[in-house]
Number of protein chains: 2
Amino acid sequence: MDDKTKAPPPPSPGRQKLLDAAIALFGRKGFDATTTREIAEAAGVNIANIAYHFGGKEGLYRACAEELGRAIRPRVTDVLSRKAPETPQEARNAIAEILSRMVHLIIREPALENPSRFILREYFDPTPTLHLLYQSLMEPISSRLTALWATAVGADPEAEDTRLAVMGLVGQILAFRVARSIICLRMEWETIGPREAEAIETMVIATLDARIAAARKERP
Amino acid sequence: MDDKTKAPPPPSPGRQKLLDAAIALFGRKGFDATTTREIAEAAGVNIANIAYHFGGKEGLYRACAEELGRAIRPRVTDVLSRKAPETPQEARNAIAEILSRMVHLIIREPALENPSRFILREYFDPTPTLHLLYQSLMEPISSRLTALWATAVGADPEAEDTRLAVMGLVGQILAFRVARSIICLRMEWETIGPREAEAIETMVIATLDARIAAARKERP
DNA sequence: GATTTTCAATCAAACGATTGATTGAATCGG
DNA sequence: CCGATTCAATCAATCGTTTGATTGAAAATC
């Protein structure tokens, strides 16, 4: 219960199948709308394994969040691990690349459809598990983006409006995932395919460049 | 079931109390996590009234969406009903005012906390009810903003990237409501009070002005 | 090295609690 | 009085959880 989430529990066939099935179902339908029987059936194991491996439905949910941190983090940390750019232009390009990556991961990548929904649900209806997702995913990306933004426009990395500007850019991407249904209605899109995803990416990058240009002007 | 949702059902004391309670509970906890007993108790009426007035839990949910359209629409249509600005500067000011209004309504206004969550839930987990919210709320605001944006930057009101730019601005606001929990973590805010709401509003307006300046430059 | 013991993992079956829905009598307003 | 509205009581269905038994492979024992 109170372990530091340091020790990765020894994997077992049923355990991992339950995690995968639970992430997919929790992500697609939410915690309350998903039944333990559904999860067990999708995983191809018996219901009792949920209590055995995770102590219950809630324990399974928390384990899903831990699993997502482990599984998704590598897909973003490779960008994060590069050395910090020193020129504003390099910083701008680095931000653009990360945002572009996020658009594809969050909005397009089919394999991350339900994981993304799982995470966004936790943002919307936070539980104690939220901190887990924050530390493993949001914090490293966001703080890196903030540092890059500070380099790109010559701002104070610690200033509140610096962090807020970055959250605005990231939030723009999240919004297109959260409100996908009504955005498709408004944009008269049937789905968000490659063409539509590219249009969104172009819009996000345009916002980035516009913000950078404006910030540089008032802080020469 | 299949009525055209045209006729506003005759109000009755218990009916309205059920609607108010249901909007609050559906918004705060979601459809599946909310029980009919909870709703009835919060409304101070008997459970049977749900079936009597709305035919069941799902009927109550749809009625909540209709009610939200009726209740919230006036709070935005007053801005929409003004005559269309003709100069780019007037258009910019009109956009800024609408966005500012949206920030306060969606992020700050305590009375709209649960209604906002109700609507955003429907965006995230769309049901057939989605079209109702789209037509009564999103479409009128969004199309008005698109027209204003076209005037402000001299763009084609029908172009896809015009609509997309507007959805990006609106989405930015929605994101701060959806991901409020994790944004508070990142911003080191305890809550989003007047000061924090103003910071968000400033950021949104800064994004607007930056986008306008950039769009004008490349389309003189 | 054969036998016994241990243990994690899985299963079918059943548990008590709660769900949304329904019923028929009671109550109210006109 | 009569239709509209409210109510306590109850329904079948489903929820998450628990139980007790079974498996197979390692560990221990002789």
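The sequence lines fix the lettering, A, B, ..., with proteins before strands; numbering per chain opens at 1.
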For this session: Just compare dA8(D), dA12(C), dT17(D) and give me whichever is closest to any side-chain atom of Ala48(B).
Result: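 Comparing dA8(D), dA12(C), dT17(D) against the side chain of Ala48(B), the answer is dA8(D).
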For this session: Can you figure out which of dG16(D), dT6(D), dC11(C) approaches the side chain of Val45(A) most closely?
Result: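 Selected nucleotide: dC11(C).
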Problem set entry | Phosphate contact (dT10(C) OP1 or OP2) by His53(A) side-chain N/O below 4.0 Å |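 It does, given that an N or O in the side chain of His53(A) lies less than 4.0 Å from OP1 or OP2 of dT10(C).
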Problem set entry | Parallel, tilted or perpendicular, as decided by the 30° and 60° cut-offs, for the rings of Phe118(A) and Phe26(A) |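 Judged by the thresholds at 30° and 60°, the geometry between Phe26(A) and Phe118(A) is tilted.
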Please state how far atom [atom1] in [X] lies from atom [atom2] in [N], giving the value in whole angstrom units.
| X | N | atom1 | atom2 | answer |
| --- | --- | --- | --- | --- |
| Tyr52(A) | dC7(C) | OH | P | 12 Å |
| Gln16(B) | dT6(D) | CD | P | 13 Å |
| Ile50(A) | dC15(D) | CD1 | P | 12 Å |
| Phe54(A) | dA9(C) | CZ | C1' | 13 Å |
| Glu58(A) | dT17(D) | CD | P | 8 Å |
| Lys57(A) | dT14(D) | NZ | C1' | 12 Å |
| Asn49(B) | dA21(C) | CG | P | 14 Å |
| Leu18(B) | dA21(C) | CG | P | 13 Å |

For this session: Please round to the nearest 0.5 Å and tell me the distance separating atom OG of Ser136(A) and atom CZ of Arg73(A).
Result: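 Reported to 0.5 Å precision, the distance equals 6.5 Å.
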Exercise. If you round to the nearest 0.5 Å, how far is CG of Leu174(A) from CZ of Phe176(B)?
Worked result: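 Going from the CZ atom of Phe176(B) to the CG atom of Leu174(A) covers 10.0 Å.
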Problem set entry | Pair Arg28(A), Thr34(A): side-chain N/O donor-acceptor within cut-off below 3.5 Å |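 On atom types as modelled, these side chains do not qualify, holding no pair under 3.5 Å.
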Exercise. Touch check for Ile47(A), heavy atoms < 4.0 angstrom, all strands: base, sugar-phosphate only, or nothing?
Worked result: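 Ile47(A): base contact, heavy atoms under 4.0 Å.
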Problem set entry | Glu58(B) CD: over 12 foreign heavy atoms closer than 6.0 Å |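 Check fails, neighbour count at 12 or below.
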Problem set entry | Presence of salt bridge, Arg177(A) and Glu113(A), under 4.0 angstrom |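 Between Arg177(A) and Glu113(A) there is a salt bridge, with a charged N closer than 4.0 Å to a carboxylate O.
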Problem set entry | Ion pair Arg195(A)/Glu160(B), N-O distance below 4.0 Å |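 Salt bridge between Arg195(A) and Glu160(B), a charged N being under 4.0 Å from a carboxylate O: yes.
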For this session: Specify the residues of residues 20-43 of chain A, ordered by number, for which at least one heavy atom lies under 4.0 angstrom from an atom of DNA chain C.
Result: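 Those residues whose heavy atoms fall under 4.0 Å from DNA chain C, taken from residues 20-43 of chain A in numerical order, are Arg37(A).
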For this session: Kindly indicate whether the side chain of Asn46(A) and the base of dA12(C) share any N or O donor-acceptor pair separated by less than 3.5 Å?
Result: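 Looking at the base of dA12(C), it does pair with a donor or acceptor on the side chain of Asn46(A) (distance under 3.5 Å).
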